[in-house]
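Taking it in order: structure first as structure tokens, then the write-up.
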Amino acid sequence: LHLHIVDGMPGRVVARGKPEWIPQIAQDSQFLRSRAALRAGLQSALAVPIRFQRRVIGVMAFLSDHSNRPDRELMRLLFGLSSQIGQFMERQRTAEALQRSEACLRRAQAIAGLGSYETELTPYARNHWSREVFKILGRDPDGKPATPEEFLSTIVHSEDRPRIRDSSSWGCLVAPPHSPAFRSES
């Protein structure tokens, strides 16, 4: 349900950034669809902002068939819950943005003929290669990346091994005719 910022109780909660409790829907002239709510036997309403940091990113609305007075303990509980929901929603948005970014990177690497790798030259290292690195090195893209030792001993040119061993764990490998970060043995 998408509402304009000024629409009814949820709109007021977004605008004010504070929860709103309506003990009697019948007595609230600004409650949208109050006739339908009353026909359904609903008598009270509560709306709580969903926040992330200081921003309202949504509203939780609750309707009851009882006339309820504001309850501080319930409000505190729902406010904490809404904060957790806000954090979850923001993590989901961040994860989705990361997936889109990674998809763009994969497309760009395929178009440009370059790949990225992360190889930490330690025994228990994290080791990740993009599909394009596998292709550039003539390896099966569905295979496993080389171990750090295999990476140094079989892929990196012997004269470049000391420099690569001492460098950071991030790298970029490009297909000819571009100049690679290191020369390969092949």
Side-chain angles (χ1 to χ4, degrees), residues 1-112 114-120 122 124-134 141-142 144-145 168-172:
L1 176 66
H2 294 279
L3 298 170
H4 294 11
I5 199 162
V6 295
D7 286 346
M9 184 180 189
R12 292 190 303 267
V13 170
V14 169
R16 296 177 187 151
K18 295 181 179 180
E20 183 172 328
W21 195 308
I22 300 174
Q24 286 289 330
I25 291 172
Q27 296 174 1
D28 189 313
S29 62
Q30 294 183 327
F31 191 88
L32 296 179
R33 301 179 48 93
S34 61
R35 288 183 185 163
L38 294 171
R39 276 195 309 272
L42 302 172
Q43 294 185 28
S44 61
L46 168 64
V48 179
I50 298 173
R51 296 178 170 276
F52 180 70
Q53 295 174 345
R54 294 184 176 186
R55 216 173 71 231
V56 176
I57 61 173
V59 175
M60 292 188 303
F62 304 91
L63 301 168
S64 175
D65 60 356
H66 294 87
S67 178
N68 295 308
R69 295 277 169 216
D71 179 331
R72 282 189 176 183
E73 186 61 27
L74 178 60
M75 291 289 279
R76 190 179 65 74
L77 176 77
L78 289 175
F79 212 70
L81 178 63
S82 72
S83 175
Q84 290 178 8
I85 291 171
Q87 290 174 29
F88 172 78
M89 289 170 65
E90 205 55 37
R91 280 192 303 271
Q92 287 298 107
R93 287 180 186 167
T94 301
E96 290 166 3
L98 178 60
Q99 287 175 345
R100 287 190 305 274
S101 177
E102 288 173 342
C104 286
L105 175 61
R106 284 191 299 275
R107 285 192 303 271
Q109 286 181 341
I111 290 167
L114 68 97
S116 58
Y117 65 91
E118 180 182 359
T119 299
E120 292 176 359
T122 61
Y124 303 103
R126 177 177 53 225
N127 197 13
H128 172 78
W129 291 8
S130 69
R131 290 185 68 80
E132 291 304 310
V133 168
F134 283 98
D142 295 320
K144 290 185 179 181
S168 72
S169 63
W170 292 95
C172 180

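- Within the model, atoms CD1 of Ile25 and OG of Ser64 stand 8.5 Å from one another, a figure rounded to the nearest 0.5 Å.
- A heavy-atom distance below 4.5 Å is not found between the side chains of Val56 and Val13.
- Across all their heavy atoms, Glu132 and Leu114 have their closest contact at CB-O, 3.2 Å.
- Using a distance-only test at 3.5 Å, with no hydrogens or angles considered, no donor-acceptor pair links the side chain of Ser101 to the main chain of Leu98.
- Annotation: Phe62, atom CZ; neighbour count of heavy atoms from other residues, nucleotides and ligands within 6.0 Å is above 12.
- No donor-acceptor pair closer than 3.5 Å links the side chain of Ser34 to the backbone N or O of Ala26.
- In this structure, the separation between OG on Ser67 and CD on Gln43 is 6.0 Å, given to the nearest 0.5 Å.
- Residues Met75 and Pro19 share a closest heavy-atom pair of CE-CB, 3.2 Å.
- Listed here is the closest heavy atom pair of Phe31 and Ala37: CE2-CB, 4.0 Å.
- For Gln109, the side-chain hydrogen bond (donor to acceptor under 3.5 Å, both in side chains) test picks out Ser116, Ser130, with sequence neighbours left out.
- The distance from the CG atom of Leu78 to the CE atom of Met60 is 5.5 Å, given to the nearest 0.5 Å.
- Taking each heavy atom of Val59 and Pro10 in turn, the nearest pair found is CG2-O, 3.7 Å.
- For residues 73-89, the pairs satisfying salt bridge (Lys or Arg N to Asp or Glu O under 4.0 Å) are Glu73-Arg76, with sequence neighbours left out.
- Separation of atoms CD (Gln53) and CD (Gln87) is listed at 9.0 Å; rounding is to 0.5 Å.
- In terms of heavy atoms, Pro23 sits closest to Pro70 at CG-CD, 4.5 Å.
- More than 12 heavy-atom neighbours from other residues, nucleotides or ligands sit within 6.0 angstrom of CZ on Arg93.
- The shortest heavy-atom contact between Leu63 and Ala45 is CD2-CB, 3.5 Å.
- Taken to the nearest 0.5 Å, the CH2 atom of Trp21 stands 12.0 Å off from the CZ atom of Arg72.
- Here the CD-CZ distance, from Glu90 to Arg55, works out to 5.0 Å after rounding to the nearest 0.5 Å.
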